[in-house]
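Worksheet for the structure shown next.
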Amino acid sequence: MPAVSETREAVEKLARSKYEWGFETDVEMDLAPKGLNEDIVRLISARKNEPQWMLEWRLKAFRQWQEMDEPQWAKIKHPPIDFQDAHYFAQPKKKPGPKSLDEVDPELLKTYEKLGIPLHEQEMLAGVEGAGERTPVAVDAVFDSVSVATTFRKTLAEAGVIFCPISEAIIEHPELVKQYLGSVVPVGDNFFSALNSAVFTDGSFVYVPKGVRCPMELSTYFRINARNTGQFERTLIIAEDQATVSYLEGCTAPQRDENQLHAAVVELVAMEDASIKYSTVQNWYPGDENGKGGIYNFVTKRGICKGDRARISWTQVETGSAITWKYPSCILAGKGSVGEFYSVAVTNGHQQADTGTKMIHLAPDTRSTIIAKTISAGESDSTYRGLVRMQPKARNGRNFTQCDSLLIGDQCGAHTVPYIESRNMSARVEHEATTSKISEDQLFYCRSRGFSEEEAVGLIVNGFCREVLKELPMEFAVEAQKLLQISLEGSVG
Amino acid sequence: MNDFLKIEGLKAQIDADGTPKEILKGLDLNIPKGEVHAIMGPNGSGKSTLSYVLAGREEYEVTGGTASFKGQDLLELEPEERAALGVFLAFQSPVELPGVNNANFLRTAVNAVRRARGEEELDAVAFLKLAREETARLSMSGEMLKRAVNVGFSGGEKKRNEVLQMRLLQPSLAILDETDSGLDIDALRIVAEGVNSLRGPDFSALVITHHQRLLEYIVPDRVHVMAHGRIIHSGGPEVATQLEKQGYKQFLEAAQ
């Protein structure tokens, strides 16, 4: 079979095909002027009715950012980003009240529909109780920069759980925000976290009090909708002693001509015996056949296991964006605490992904697991970059890392860059890595059993990712499987 | 004689390090509806190549001749279309699919074929019931449905899994490529029973084997001797016994 030419042809066809979810919603936008300076930071803060301390926090961050340079170490290439050529604040003009659905712009609801937000979640968004055994999901939808609808607040409030837009938390729960904001990802941690700290417009805030098991999965749908607005989400999740919470994040974005910058910061804090599970399915516009116009996704995600036996688990399925730069990390500061990272990264066309994790073991008996699956097709390039650090006090620390790469076609690349630093003799770090291609044997075997070639690829890829997909909440896992298949359509000749 | 599987003058080659190597050199074979035929032949005679060419493996280039099944030009069809038409190949070395749940694989395969044949798809419950019955019939543990396809299966388990697939897919032409290799006598009996249970007026099979032993359990209607990419002798079941006693030599000499 002339696999090479057919593959290339198929990938080109795929790349030419319009991004399925590329559409714009016609909602009037309130835009801040282009550019970034102290006045813009003040404007954002004022629009959000923020207290003085928050403004000062932002300004400090902005000044720090000005002193910093964009990092160059990742294995990604892109034209220089002009940070002055973007809007840093956009919000739908007819500002709907977040309390009632009637106040939500019907255009927004249509957008959710197009995005394929699962029907039952739309029902919930519409205030209709799901008539099934399904676990309810609370959605805090971020439409561009402002959370316009938040559901199930009441049920959550009864359990004592706070789940609200972070802008609201700044006003309603300043003591919590002051205490934890920037405590896991300091303002000056990196170029993009400093930028985010200066101009973040919205995101989610979750607080689960001591001993409370959050009664439902918490879910946020992000969507970048205004032309040329960077999206700077800020999410902060706190689980007190023995608290448990699972948070889902999923994204799609409309088609764009110009690159869009996305630089989110997510901070997780888990106290004694607390557990936080953070799942992401990311499907942002990857760009056209030349890789032009896709989302630049520079994300800083980090969690700290502060208390003993705390657990933080990151699961991510990354299929979109032109560039992904993302390393969800765990700081294991509590004795016997556990960090987990499960990742599937799919790149096709001209996508570039440099993603991985950091596991920082500070305390004795801490354990971490890293399972990273990388699938490259087309002319894409994918890198796993991971750090495991065992500090002197992390006696009997354990890490297991497994990185598997699957290549489709012969124009793509996969790289694994593990950094291992062990500073004590009793720690044990294991690293396993494999690179494979979908074999002709496997394809033929499946096809001789009646599978089409695409079905066969989907099946093999989903099998390859199974260890990660099984970590996702059920509903998400189904979506993720579909997404994997869609992402790789036409990648085999 | 009806034309069920009809092969005439079939030639096929494979790319061997840049130079084409002809393996099938003008092979003729007819298998009427409802008959079970066996092919025996020395190593390298092209038996496995024939099974791959019939199932549609693309590495083999057909350079001449024809092969039709149920009146359709088999060589024009994609492998999955052949499966839908009723062709089933039990692999000599079944392929491992890491992470792919066996039950899920089987159900998707069964439904793909049922869909293509215009039959109703089986839901998960109906399928699982069927799969459990079939695994029990083949003395397979139900556990094997939960494992990844062929991963960590013993040789015998892999072969049984092939027969399980065959039973579930209900083909009208089964090609068994040395399904008996690596099987102990009990497993052989079970596999043979799996094939025999499908025998009937609408089921044909091509059993490729090295040993007469399998043919004691699956008694063929015809036995063909294959050498150098051709069928050089055909006869009744007695040919297998003859081969077992005297080897291929007499047939090879007679063919020259």
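The sequence lines fix the lettering, A, B, ..., with proteins before strands; numbering per chain opens at 1. Reckoned from all heavy atoms, side chains included, excluding hydrogens, waters and symmetry mates.
A/K301 and A/E249 are joined by a salt bridge, as a carboxylate oxygen and a charged side-chain nitrogen come within less than 4.0 angstrom of each other.
With a 4.5 angstrom heavy-atom cutoff, B/E81 does not touch chain A via any of its atoms. When heavy atoms are compared at a cutoff of 4.5 Å, B/A55 approaches chain A by way of both its backbone and its side chain. When heavy atoms are compared at a cutoff of 4.5 Å, B/R82 does not approach chain A at all. For B/V149, the part sitting under 4.5 Å from any heavy atom of chain A is the side chain, from C-beta outward, and nothing else. Neither the backbone nor the side chain of A/E467 comes within contact range of chain B; no heavy atom of the residue lies under 4.5 Å from a heavy atom of that chain.
Ranked by non-hydrogen atom pairs under 4.5 Å with chain A, the options B/A84, B/A112, B/A148, B/A109 are led by B/A109.
Cation-pi check for A/K373 over A/F464 is met; the charged atom lies under 6.0 angstrom from the ring centroid and within 45 degrees of its normal.
Counting heavy-atom neighbours within 6.0 Å of A/R367 CZ, excluding the residue itself, gives a total of 12 or less.
Side-chain atoms of B/E162 come within 3.5 Å of backbone N or O of B/F91 as a donor-acceptor pair.
Contact of the B/L164 side chain with the B/M140 side chain is registered, since non-hydrogen atoms from C-beta on lie closer than 4.5 Å.
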